[in-house]
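Because the structure is predicted, anything quoted here is derived from the model rather than measured. No hydrogens, no waters, no symmetry mates; every other heavy atom, side chains included, goes into these values.
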Amino acid sequence: VRTLANITHMLNHRRVDIFKADIEGAEYDVVPALFSAGSDLVVDQMLWEFHIDRSVLTAATPPPQPMTAAQVLPLFKIMHDNNYVLMHKE
């Protein structure tokens with residue numbers, strides 16, 4: 001599996017201006033992994049689409065289960081703890 005850290009390292013990039021992710025339920029696995037990698041990569045802006053209904057999943061995620069808004073909050077906390085600020089929500 002190629003991660004953002006792997007790809008940017010391979011391309012010798014240390015900074016990403018905008019990272020956009022609409023990954024159909026995999027964000028519940030990707031957000032914690034992205035920030036636990038200990039990478040020195042700088043991402044100026046992140047754009048995420050979070051899926052509350054996990055009926056569309058990748059093979060790497062657990063069987064479908066409905067997610068509540070409260071279960072999404074830990075993802076926002078991880079990002080907040082890494083100095084990202086929520087700018088917009090729908």
Side-chain angles (χ1 to χ4, degrees):
V1 174
R2 288 188 178 171
T3 65
L4 180 62
N6 296 139
I7 294 167
T8 54
H9 179 75
M10 184 174 60
L11 297 172
N12 200 28
H13 292 297
R14 293 186 160 271
R15 176 178 223 96
V16 173
D17 293 325
I18 298 174
F19 174 77
K20 183 174 192 251
D22 178 6
I23 48 180
E24 305 305 326
E27 61 273 9
Y28 295 93
D29 299 321
V30 171
V31 170
L34 184 65
F35 291 106
S36 69
S39 171
D40 59 353
L41 177 67
V42 174
V43 180
D44 292 330
Q45 253 185 81
M46 292 190 180
L47 307 160
W48 291 91
E49 181 174 326
F50 291 100
H51 296 269
I52 302 297
D53 177 3
R54 293 187 76 182
S55 61
V56 180
L57 298 171
T58 64
T61 57
Q65 54 187 321
M67 298 295 284
T68 67
Q71 290 170 300
V72 178
L73 290 178
L75 301 180
F76 287 104
K77 181 169 178 2
I78 290 169
M79 289 185 284
H80 179 266
D81 290 348
N82 284 276
N83 300 314
Y84 288 93
V85 177
L86 178 64
M87 299 297 291
H88 177 75
K89 71 177 185 76
E90 290 183 18

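Taken from CZ in F35 to CG in N82, the straight-line distance is 5.0 Å, to the nearest 0.5 Å. Here the straight-line distance linking atom NE2 of H9 with atom OG1 of T3 works out to 10.5 Å at 0.5 Å rounding. One distance of note links CG of L11 with CG of N6; it measures 11.0 Å at 0.5 Å rounding.
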### Task
Take Q45 and M87, measure what side chain to side chain contact (heavy atoms under 4.5 Å, CB included) needs, and give me the verdict at the end.
CA-CA 10 Å; Q45 253 185 81; M87 299 297 291; over 6 Å; no
### Chi angles and distances behind the side chain to side chain contact (heavy atoms under 4.5 Å, CB included) call for Y84, W48
CA-CA 12 Å; Y84 288 93; W48 291 91; over 6 Å; no
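Listed by chain and residue number, D44 satisfy the salt bridge (Lys or Arg N to Asp or Glu O under 4.0 Å) test with R15 (two or more places apart in sequence, or in another chain). Scored by the salt bridge (Lys or Arg N to Asp or Glu O under 4.0 Å) test, K20 finds no partners at all (sequence neighbours excluded).
Residues L86 and V43 share a single hydrophobic cluster, defined by chaining ILVMFWY side chains whose heavy atoms lie under 4.5 Å apart.
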